[in-house]
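Worksheet for the structure shown next.
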Number of protein chains: 2
Amino acid sequence: MSNTNTPPEHRERDTSHTTGHEVLAGVVQVRRGALKALLWQRARPPHPNRWALPGGRLHSDETVESSIRRQLAEKVDVRELTHVEQLAVFSDPERVPGNRVVATAFLGLVPCDTDPELPGDTAWHPIEALPETAFDHETILLTARERLRSKLSYTNIGFALAPPKFTVSELRDIYSAALGYRVSATNLQRVLSRRGALEATGETVAAGPSGGRPPALFRFTSRDLQITDRFAVLRPPG
Amino acid sequence: MSNTNTPPEHRERDTSHTTGHEVLAGVVQVRRGALKALLWQRARPPHPNRWALPGGRLHSDETVESSIRRQLAEKVDVRELTHVEQLAVFSDPERVPGNRVVATAFLGLVPCDTDPELPGDTAWHPIEALPETAFDHETILLTARERLRSKLSYTNIGFALAPPKFTVSELRDIYSAALGYRVSATNLQRVLSRRGALEATGETVAAGPSGGRPPALFRFTSRDLQITDRFAVLRPPG
DNA sequence: CAGGGTTTTCGTCTTAGGATCGAAAACGTG
DNA sequence: CACGTTTTCGATCCTAAGACGAAAACCCTG
């Protein structure tokens, strides 16, 4: 009832503390069969030497989306960042010692064929074996991985992890690494094709060193995120 | 590269503006066959007389979750709020005239058998026919509805809209109202039962005024959100 | 109290996507 | 040229959801 006449943004401001807002991104990529995350090593306190997610403070003229894109541009070429989406807000008052900082977390994806130049303090780390991380960044990263795994099932988000053209086996390896278990190349191709997410380029590439049939090259039909509506359980008529 | 040695939260603070953080909730309920949202009518500028979502400023000792629960407690009894989840961050610099206010939006659900006392400026409005809304609150509300509709398909979230016990027909009406199209009572029962989300109480209730077989009462087996893993397309072994 | 209307409930049929398996295709190698 | 290897394709099985209709169980009326 207290806001009957008082719009929230016009209430007396709480000045006993400073509340900041930062944006952070769990940027992941499949490299050499493992799902890896982009982390930079802190030099100063708090949490010196620990590894942290890329990000930084939100500016006054930015949306959280434009802010995270700006800040990630300092780490990786923006064109290599094929997908960015909001994850969640992390707002535990104690999540950062000292000042209050609310974080909007993002999931960022980089295709596996790119190897961007990184600053000296920045490196890829396998999510399965993370180094000591700062603040709640490990939690954020695990949330990011969970989101990715879910979306691999019901969207075409694989396009953001795969190169422009790929063989079905390569795509299977990407999916396997991201999901954490082996998937069948046969089923993967059939499922994605039936959804209209995958199409053959017509090209084939030479067989591997141990022989075998030369694989065909495929590509995703769309490089925008598309959700498979077939998962509506109680479907609309028609 | 600029944050090589500078932790985000230790950068010089931008004092040219005040950035606030508010929490807002799209609280919805099925009443008389329609999906309705809780809105309060603003008295003061900006946007006087327009209808706004419940919420308010984030306090320094709160998470966004505890904040929205505290603020909603002023509108509806907390025990009547059966489900609350984060929706998204809305951060357009122009979303609120004047000060910069970032909003963390939530989806809140109230079961259809409760009719909480409301403050005088607050009322339920059908989402299909909203009055003039303030700021970006209509967008937030439509996002909330979309989230609800998706989750009705692949989770047991219906428990949060339904009373503790209900007939299949009542549940069908709830789902129909929330989804915006008629669903089959037969299929609804079978689908939810097969998932293990629904169970019969053994009780039956008297038939309606126009006769008919007396319906059996059901309940949700769990009142916590559970996701149907059936929708993993490429399932883990086992 | 018998019969018709109503609503719920159950079973069956159909459709469709996903899993599994195995065969065929196309290549290297010895 | 036979053999191993890898990819690709097709056939079959399984499970789940949608559609439909029949049966069950009640009300009301004549």
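Below, chain A is the first sequence line, B the second, and so on; all start at residue 1.
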Roughly, in whole Å, what's the span from [atom1] in [X] to [atom2] in [N]?
X	N	atom1	atom2	answer
B/Leu188	C/dC10	CG	C1'	16 Å
B/Tyr154	C/dG17	OH	P	21 Å
A/Tyr175	C/dA19	OH	P	13 Å
A/Arg195	C/dG18	CZ	C1'	11 Å
A/Arg194	D/dC9	CZ	P	14 Å
B/Leu192	C/dC10	CG	C1'	17 Å
A/Leu198	D/dT8	CG	P	11 Å

Task: B/Arg190: salt bridge (Lys or Arg N to Asp or Glu O under 4.0 Å) partners, not counting sequence neighbours - done: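 So B/Arg190 forms no salt bridge (Lys or Arg N to Asp or Glu O under 4.0 Å) with any residue.
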
Open item on the list: Could you work out, with side chain to side chain contact (heavy atoms under 4.5 Å, CB included) as the rule, every residue matching A/Glu203, not counting sequence neighbours?
Closed with: A/Lys165, A/Thr201, A/Leu217

Task: Set of side chain to side chain contact (heavy atoms under 4.5 Å, CB included) partners for A/Arg149, sequence neighbours left out - done: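 Here the qualifying residues are A/Glu128, A/Arg145, A/Glu146, A/Leu179.
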
Nucleotide N/O to protein N/O under 3.5 Å, stretch nucleotides 25-28 of chain D:
unit_1: D/dA25; atom_1: N3; unit_2: B/Arg213; atom_2: N; d: 3.4
unit_1: D/dC26; atom_1: O2; unit_2: B/Gly212; atom_2: N; d: 3.0

- [ ] Quick one: list whatever passes ring-ring contact (aromatic ring centres under 6.0 Å, His included) with B/Phe90, sequence neighbours left out.
- [x] none

Open item on the list: According to ring-ring contact (aromatic ring centres under 6.0 Å, His included), who are the partners of B/Phe218, at least two apart in sequence or on a separate chain?
Closed with: none

TODO: For A/Glu199, check side-chain hydrogen bond (donor to acceptor under 3.5 Å, both in side chains) against everything at least two apart and list the hits.
DONE: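 With sequence neighbours excluded, A/Glu199 shows a side-chain hydrogen bond (donor to acceptor under 3.5 Å, both in side chains) to A/Arg219, given in chain and number order.
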
Nearest-nucleotide pick for [X], side chain only, options being [options]:
X	options	result
A/Ser169	D/dA17, D/dT7, C/dG18	D/dT7
B/Arg190	D/dT8, C/dT9, D/dA17	D/dA17
B/Asn187	C/dT8, C/dG18, D/dG18	D/dG18

TODO: Quick one: which residue pairs count as a ring pair (Phe, Tyr, Trp, His ring centres under 6.0 Å) with a foot in residues 112-134 of chain B, not counting sequence neighbours?
DONE: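 Sorted result for residues 112-134 of chain B: B/Trp51-B/His125.
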
Task: Check: A/Phe220 ring centroid to A/Phe166 ring centroid under 6.0 Å - done: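 Ring centroids of A/Phe220 and A/Phe166 are less than 6.0 Å from each other.
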
Open item on the list: With a 4.0 Å cut-off on N to O distance, would you call B/Arg50 and B/Glu138 a salt bridge?
Closed with: no

Task: Residues from residues 159-168 of chain B lying under 4.0 Å of DNA chain C - heavy atoms - done: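 Listed by number, they are B/Val168.
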
Task: Touch class at under 4.0 angstrom, heavy-atom based, for B/Thr186 against every strand present - done: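 Touches a base.
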
Open item on the list: Taking any heavy-atom pair under 4.0 Å as a contact, classify A/Ala216: base, sugar-phosphate, or nothing.
Closed with: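 Touches sugar-phosphate only.
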
TODO: Give a yes/no on whether any side-chain N or O of A/Gln189 is located under 4.0 angstrom from OP1 or OP2 of D/dC9.
DONE: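 Looking at the OP1 and OP2 atoms of D/dC9, one of them is under 4.0 Å from a side-chain N or O of A/Gln189.
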
